[in-house]
Amino acid sequence: MSPFSELLYRLRCRYDVRQTELAERLGYEQSYISALEIGIKGPPTDEFVDRLQSALPLSHAERDELRKAVEASNRKLVLEPDAPTAHFLLLDDLRKELGQASPKQIEMIRDILRLRLRDTFESDDDGLPPRRIRRRRSTTEAPM
């Protein structure tokens, strides 16, 4: 279940609102609310989130949590075309293994990502593309 799905359910329970009632307040079908809560539908649109914030008396903290949950529930990851090969390989490994990863393995991967060591250590074999070497100007070439 996505972070948004869990939060939507918790908010609805906290404010004692049934799916049908929330759907009426928001102007959506009850089946859509249900699909969001069980994770069949991906994260909602900004319009849905705005309507939800208007329909429920959410605190500032709940509004922030809602926005973060929507962002964290994004199912797609897009790499820039010029991303290093290592990024593509990492994404491929994650795509293949994520379904079988244990909760402990997931937490370990997340811990590693939080370390942000990429800026701390440099080596020749760090998975980054090779640095381009500037071409030396010959002594006979005129400066540009």
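Just so we're clear, the structure is a prediction, and the values are computed from it rather than from any experiment.
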_Salt-bridge contact Lys96-Asp92 (side-chain N to carboxylate O under 4.0 Å)_ = yes

*Lys/Arg-Asp/Glu bridge criterion (N-O < 4.0 Å) met for Arg114, Asp111*: yes

*If you count the non-hydrogen atoms of other residues, nucleotides and ligands that lie under 6.0 Å from CD in Gln100, is the total more than 12?*
yes

_Within the 3.5 Å criterion, strictly below it, is a donor on Tyr9 or Gln19 matched to an acceptor on the partner's side chain?_
no

*Counting only heavy atoms not in Arg110, do more than 12 sit closer than 6.0 Å to its CZ atom?*
no

*Check Gln30 against Thr20 and note the closest heavy-atom contact, atom names and distance.*
CG-CG2, 3.6 Å

*asked:* A side-chain contact here means heavy atoms from C-beta on lying under 4.5 Å apart; do Phe48 and Leu36 qualify?
replied: yes

*Compare all side-chain heavy atoms of Glu37 with those of Tyr32 and state whether any distance is below 4.5 angstrom.*
no

_Presence of salt bridge, Arg10 and Asp16, under 4.0 angstrom_ = no

*Do Glu24 and Glu21 touch side chain to side chain, with heavy atoms closer than 4.5 Å?*
no

_Can you confirm whether more than 12 heavy atoms, excluding those of Gln53, are under 6.0 Å from its CD atom?_
yes

*Around Glu29, counting heavy atoms of other residues, nucleotides and ligands shown, do more than 12 lie under 6.0 Å from its CD?*
no

*Do Arg25 and Leu56 come within less than 4.5 Å of each other through their side chains, counting heavy atoms only?*
yes

*asked:* Is it the case that the side chain of Glu65 and the backbone of Glu62 share a donor-acceptor pair, with hydrogens and angles ignored and the cut-off at 3.5 Å?
replied: no

_Min side-chain heavy-atom separation Leu98-Asp93 under 4.5 Å_ = no

_If you compare all heavy atoms of Ala69 against all heavy atoms of Leu7, which two are closest, and at what distance to 0.1 Å?_
CB-CD2, 3.8 Å

*Within-4.5 Å side-chain heavy-atom neighbours: Pro44 and Val70*: yes

*If you look only at pairs with a residue in residues 39-49, which of them pass as a side chain to side chain donor-acceptor pair (under 3.5 Å), with sequence neighbours excluded?*
Glu47-Arg51

*Check whether any side-chain heavy atom of Arg18 lies under 4.5 Å from a side-chain heavy atom of Leu22, and answer yes or no.*
no

_Side-chain touch Leu26/Ile33, heavy atoms, less than 4.5 angstrom_ = yes

